Trainee: 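Mind looking over this structure? Questions follow.
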Amino acid sequence: MGADALAVSVPGERVEEHGASRTDQERLLRLIVAQRDLACAPLDQSAVFELLAGAVLSIFDAEGALAAEPLGDEVVARAVVGSAGPVVGDRIPQAGTLAGLTLRSRRPHLCTDAATDPRTDDAIDVRSRTRSSIMAPLLDGDQAIGLIAAMSSRPHGFDEQDLALLNLLGEVAAGRLRAARTHQREQETVARSAAITEVMAEGLVELDGQGRVVHANASAQAMLGFTWDGSVGTSAPESDWTFLHEDGTERAAETLPSTTVLLTGVPVKGQVIGVRNPEGTLWWLLANSVPRLDGSHVCGVVNSFTDITEQTEAAARLAASEEHFRMAFDNAPIGMTMISLAPGMVGHYLRANDSFLEMVGYSRADVVGQRLEELTHPDDLERDRDRFGRLCRNEVESLSFQKRYRHKDGQTVMAWLNTAVARGLRDEPLYLITHAVDISDRLREQAELERLALTDTLTGLANRTLLTDRLDQALARLHRTGGACAMLLLDIDRFKLVNDSLGHLVGDALLVEVAGRISDVTRADTTVARIGGDEFVVLVEAMKDPESVHALATRLLDALRRPYDLGPTAESLFATVSIGVSLATTADRTHVDLYREADLALYRAKDSGRDQYALFDDGLRESTESKLRADSLLRHALAGDRLVAVFQPMVDLQDGAIHAAEGLARVIDEHGQLRPPADFIDVAEDTGLIVEVDARMFELVVAEHARIAADPTIELRRVSTNVSARSLEDPGFVGRVRKALAWYGVPGSAIRVELTERSLLTSSPVVAESLRRLTALGVHVGLDDFGTGYSALAYLQRFSLQFLKIDRSFVSRLGSSERDDAVVCAVIDLAHAHDLIVVGEGVETPEQLAALRAMGCDRAQGYLMGKPMSAAELEALLRTEPRW
Ligand code: C2E
Ligand code: CA
Ligand code: CA
């Protein structure tokens, strides 16, 4: 339609049915005025709507005019003039109204009578009191953005020509409405973005072409520490600031991004700028600068900043701590590694320091990326996997243990390892950090020390400590494994002789050779030890067959019996050993038992002639036990003063009277029984208690002599007592004898000391001295059991003896063989020749007594004349003055 419609309709005759109406010229003129008014109306929709409504009313001389805008499925009245029904802001539905039809169809519409018009809803028209109307859309392209209408309360108020004119106005007005809408939207956008700019965290500073501030938002002002008063052209406060590059060096203001962007027009993004104000505060900004272009001309620059001071400082702190860590790691004197726990890389070396590389002998390139297993000793793999697994599964915080690495050269490196999991912020495992200290040297030293402490330096064999340890272990194992373990105690026969005659060097060489031969004969798992001078032990563990110990002992004897060539100059040396063997078959045995039993067996082997072995058996066990019992018996008796003397009378064969008696030792056991010397003397000899026994017996017989001497009615000239060689070896013994004599006031000559031959065979100078001192005290010393030893009387003469006693074994055979009689007779004659008094002991029959008397024997002693009796009984016997 548009201009054509106008052109067609303008000349036409208007049908005026009512009142005065404007002429066409008038209406056109008003249209032109409206058009002019619209052209200079402010770019504001409300103003445009107002103006349009006024123009419609004035052009058509209508009762009411309306300018409206669609909103959803309604139409909103924006401007209303005249007496039209709706008021500003009223909403009417589009459905069922001519307005809706006009907007939808985007064409003008005429309604000549609403009452009959089927397109309109009666109710609405009635409410608006409109009977006729014309309406035209305001179009923006093919979209209706508003409408204008003229209304009359009478039917047929408008015709087609009116409609064309209204449409023409609509077309003219639409352009201005569009402009107003666009302008208004722009205004809103600007306002909205200004608001956003103000609240955003990022700083925003816009500069003009001269570098003056055109805009700065609140964040920028806060960030940069200046206040923008809102006026365009404020100069930036940069003049007194110092700028820094990211690396901390100073940067010239000309190199700031805003400056370069102004010069080049090229955007600069992601620059880190350090800013220090005159107060010295430093902060860091991440800046983007983009040019504002006016064509190709740069008319300004927009700078945006983010304050990254905190992140930068945190990053710097992190970098510093990482650097510290790196230095500590790289330069640590102990081996350090980092082992990945990242998925897919678990167990790979991430990093290793020099100390670690030196420890394992590999280069960094060899180690990094390598799997943990590659450097681990194969025997530790399983165990390590388990341990590291526990760490990774968070079962333990850290672990310390000894670990073996494989050195590049194949050697094993012993290390003490400390390892812990390093975790990330969310506690996720990142890597393992390990410290490894090479303890190979320390272990070697320790092992060497242990070896020295446990081995014999001369032969390199185990020493007693190690042997005892092994023995304990072997005995403990017996419990589980059964079987037996054997201890063979070897002692070189007459080793002292070798040492004394050939010297210690030869002695040592012999020991080394013996050690070697023992080792050769025994199996590798057998412990061979040297436990003292010339004593060796072979410990055989877990023996299936205890009988095999006999074969082993024989092998040892054979091997050790072969001649020894100990040096280039020395002649072959012959040496033998004796072996004592003890066996344990039950776990209740202790090493003390085994040592003692082997020792006893050895003793027996030596006793039986050396160069042989003896097994500790039941017989030995029995005698050992009885010895133990005897020892205990004697000790208790000595402690409880239950060592007593009994006396056996001695008959003078000249007058047949009793002038003397021999004191014999007895102990009273726990049952009050008297126990004979056989039950305790041997043990006392072994243990040395014999000295105490002899001394006490001496005191007892001296005391008894003194008692009887004090009684004038009886006479006892002499009392004998027995003294062991060991007592004479004791330097204190004679002193006690002298004291006893002095105490009881008994002359030494009243006491006889009986010695066995063995006592006098010893070359000990102490024994000779004791004898000399005894003799000096006046004590008579004589020989007991004569005939059982081998000594020649001439030899014995050196000790200035006063008597000898012919052993009971000779006396008991008197009268049974002439040869024996002759021997006794000869002894008596020989003794007399040496001025010795002869005593025959063990006389049990009158015939024996008679024989001795016939042979000229001086005295006799035996059950015939009296068994050993108590002191009281002896006194009683003496009172009867018997004659034999
Ligand atoms: P001995 O010195 O030869 O003592 C004599 C032993 O022969 C005594 O045995 C005595 O009871 C026994 N006897 C005496 N007449 C006869 C006889 O007609 N027939 C038989 N069958 N035996 C007779 P006893 O008292 O058992 O003493 C044994 C040995 O013990 C002693 O032999 C002596 O060597 C030793 N002894 C005893 N008391 C002591 C002591 O105080 N010190 C030391 N060192 N040895 C002692
Ligand atoms: Ca005697
Ligand atoms: Ca005797």
Side-chain angles (χ1 to χ4, degrees), residues 630 634 637-638 642-651 658 660-667 673-704 718-730 733 736-737 740 751-760 767 770 774 780-789 801-814 837-849 851-852 859-871 873-874 884:
L634 181 59
L638 288 173
R642 293 199 305 272
L643 176 76
V644 297
V646 292
F647 296 89
Q648 187 174 31
M650 225 180 264
V651 171
I658 297 171
E662 178 181 4
L664 294 158
R666 298 288 184 270
V667 300
Q673 299 292 312
L674 275 187
R675 305 281 292 269
D679 287 358
F680 56 89
I681 287 295
D682 282 351
V683 172
E685 288 271 2
D686 288 349
T687 60
L689 271 184
I690 193 69
V691 181
E692 183 63 23
V693 171
D694 286 352
R696 286 216 206 167
M697 282 299 292
F698 194 96
E699 288 156 5
L700 286 173
V701 300
V702 169
E704 184 56 21
R718 288 195 168 87
V719 194
S720 299
T721 187
N722 299 278
V723 172
S724 154
R726 288 200 64 165
S727 300
L728 293 179
E729 279 168 18
D730 189 291
F733 180 75
R736 284 182 73 172
V737 165
I751 309 296
R752 285 201 186 108
V753 162
E754 300 185 4
L755 302 170
T756 55
E757 280 176 82
R758 206 163 60 80
S759 316
L760 303 178
V767 171
S770 293
L774 276 178
H780 287 193
V781 178
L783 204 59
D784 207 347
D785 304 337
F786 186 78
T788 55
L801 302 175
Q802 274 86 35
F803 66 93
L804 67 81
K805 289 176 95 166
I806 300 173
D807 191 67
R808 183 162 58 92
S809 55
F810 292 98
V811 174
S812 63
R813 289 202 298 271
L814 279 176
I837 291 170
V838 184
V839 185
E841 68 176 339
V843 180
E844 290 181 349
T845 63
E847 290 76 28
Q848 290 163 356
L849 181 67
L852 286 173
R859 317 209 200 288
Q861 182 183 352
Y863 288 174
L864 179 66
M865 291 76 75
K867 290 196 167 181
M869 57 190 78
S870 68
E873 286 168 332
L874 178 66
W884 292 93

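Numbers here simply count residues along the sequence, with the first being 1. Remember, it's 1-based here, ligands and their atoms both numbered in the order they're listed. As the structure is a prediction and not an experimental result, all values here were calculated from the model.
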Trainee: Enumerate the atoms of ligand 1 whose separation from the nearest heavy atom of Met697 is less than 4.0 angstrom.
Mentor: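 Those atoms are 41 (O).
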
Trainee: How close do Val737 and Phe698 get, counting heavy atoms only, and between which atoms?
Mentor: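 In this case the closest contact between Val737 and Phe698 is CG1-CZ, 3.0 Å.
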
Trainee: Backbone or side chain, does any N or O of Thr721 fall under 3.5 Å from an N or O of ligand 1?
Mentor: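 Between Thr721 and ligand 1, no N or O pair is found under 3.5 Å apart.
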
Trainee: Is Gln802 reaching over with its side chain to a backbone N or O of Val781, donor-acceptor style, under 3.5 angstrom?
Mentor: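 At least one qualifying donor-acceptor pair exists.
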
Trainee: Heavy-atom distance to atom 45 (N) of ligand 1: which of Asn722, Val723, Leu755 wins?
Mentor: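 When every heavy atom of Asn722, Val723, Leu755 is considered, Asn722 comes closest to atom 45 (N) of ligand 1.
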
Trainee: Does Phe810 have Arg808 sitting over its ring (NZ/CZ under 6.0 Å from centre, angle to axis within 45°)?
Mentor: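 Not satisfied by the 6.0 Å and 45° rule.
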
Trainee: Does the side chain of Arg666 come within less than 4.5 Å of Pro677's, by heavy atoms?
Mentor: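 Side-chain contact under 4.5 Å: yes.
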
Trainee: Looking at the Ca ion (ligand 2), which N/O/S atom of Glu754 is the nearest one?
Mentor: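 In Glu754, the heteroatom (N, O or S) nearest the Ca ion (ligand 2) is OE1.
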
Trainee: Taking only heavy atoms of Glu844 into account, list the atoms of ligand 1 that are under 4.0 Å away from them.
Mentor: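 That gives atoms 17 (C), 18 (O), 19 (N), 20 (C), 21 (N) of ligand 1.
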
Trainee: Taking C-beta and beyond as the side chain, do Leu634 and Val693 meet within less than 4.5 Å on heavy atoms?
Mentor: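 Leu634 vs Val693: side chains touch.
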
Trainee: Relative to the heavy atoms of Asp784, which atoms of ligand 1 are at a distance of less than 4.0 Å?
Mentor: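 The atoms of ligand 1 under 4.0 Å from a heavy atom of Asp784 are 1 (P), 2 (O), 3 (O).
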
Trainee: Who gets closest to atom 38 (N) of ligand 1 by heavy atom: Ala665, Ala695, Ala678, Pro868?
Mentor: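 That would be Ala665.
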
Trainee: In plain terms, say whether Arg736 and Glu699 are close enough for a salt bridge, that is, a side-chain N and a carboxylate O under 4.0 Å apart.
Mentor: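 Between Glu699 and Arg736 there is a salt bridge, with a charged N closer than 4.0 Å to a carboxylate O.
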
Trainee: Taking the non-hydrogen atoms of Glu685, is any one of them nearer than 4.0 angstrom to ligand 1?
Mentor: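 Glu685 does not count as a contact of ligand 1 under the 4.0 Å cut-off.
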
Trainee: Can you tell me if, anywhere in Glu841, an N/O/S atom lies at a distance from the Ca ion (ligand 2) that is smaller than 3.0 Å?
Mentor: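 So Glu841 does not count as coordinating the Ca ion (ligand 2).
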
Trainee: Among Gln648, Glu841, Arg696, which one has a heavy atom closest to atom 15 (N) of ligand 1?
Mentor: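 Answer by nearest heavy atom: Gln648.
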
Trainee: Could you tell me if the side chain of Leu864 sits less than 4.5 Å from the side chain of Thr845, heavy atoms only?
Mentor: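 Not in contact.
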
Trainee: Is any N, O or S atom of Ser720 under 3.0 Å away from the Ca ion (ligand 2)?
Mentor: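 Of the N, O and S atoms in Ser720, none lies under 3.0 Å from the Ca ion (ligand 2), which means no.
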
Trainee: In Asp784, what N, O or S atom is nearest to the Ca ion (ligand 2), if we give its atom name?
Mentor: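 Nearest N/O/S atom of Asp784: OD2.
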
Trainee: Side chains of Met697 and Leu700, heavy atoms from C-beta outward: is any pair under 4.5 Å?
Mentor: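 Answer yes - side chains close enough.
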
Trainee: Which of these, Asp682, Leu643, Leu664, has its nearest heavy atom closest to atom 10 (C) of ligand 1?
Mentor: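 Among Asp682, Leu643, Leu664, the closest heavy atom to atom 10 (C) of ligand 1 belongs to Leu664.
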
Trainee: Can you check whether Arg808 has an N/O within less than 3.5 Å of an N/O in ligand 1?
Mentor: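 Yes.
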
Trainee: I need the minimum non-hydrogen distance between Leu852 and Ala860, along with the two atoms involved.
Mentor: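 Smallest heavy-atom distance, with atoms named: CD1-CB, 4.5 Å.
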
Trainee: For Arg726 and Asp686, which heavy atoms make the closest approach, and how far apart are they?
Mentor: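 The answer is NH1-O, 3.4 Å.
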
Trainee: Short list, please: which atoms of ligand 1 are under 4.0 Å from a heavy atom of Val843?
Mentor: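 Here the atoms of ligand 1 in question are 18 (O).
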
Trainee: Quick check: does Asp785 put an N/O/S atom under 3.0 Å from the Ca ion (ligand 2)?
Mentor: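 Here the distance criterion (N, O or S atom, under 3.0 Å) is not met by Asp785, so no.
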
Trainee: Could you check if a side-chain atom of Phe803 sits within less than 4.5 angstrom of a side-chain atom of Glu754, using non-hydrogen atoms only?
Mentor: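 Heavy-atom side-chain distance check passes, below 4.5 Å.
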
Trainee: Which atoms from ligand 1 have a heavy atom of Asp785 less than 4.0 Å away?
Mentor: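 Near Asp785, the atoms of ligand 1 are 3 (O).
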
Trainee: Can you check whether Leu638 reaches Glu692 side chain to side chain, under 4.5 Å on heavy atoms?
Mentor: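 In short, these two side chains touch, coming nearer than 4.5 Å.
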
Trainee: What's the atom name of the N, O or S in Glu662 nearest to the Ca ion (ligand 2)?
Mentor: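 The Glu662 atom nearest to the Ca ion (ligand 2), restricting to N, O or S, is OE2.
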
Trainee: Near Glu662, which atoms of ligand 1 are under 4.0 Å from a heavy atom of that residue?
Mentor: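 It comes down to these atoms of ligand 1: 2 (O), 4 (O).
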
Trainee: Find all atoms of ligand 1 within a distance of less than 4.0 Å from any non-hydrogen atom belonging to Asp694, and give their numbers and elements.
Mentor: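 Result: 40 (C), 42 (N), 43 (C), 44 (N).
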
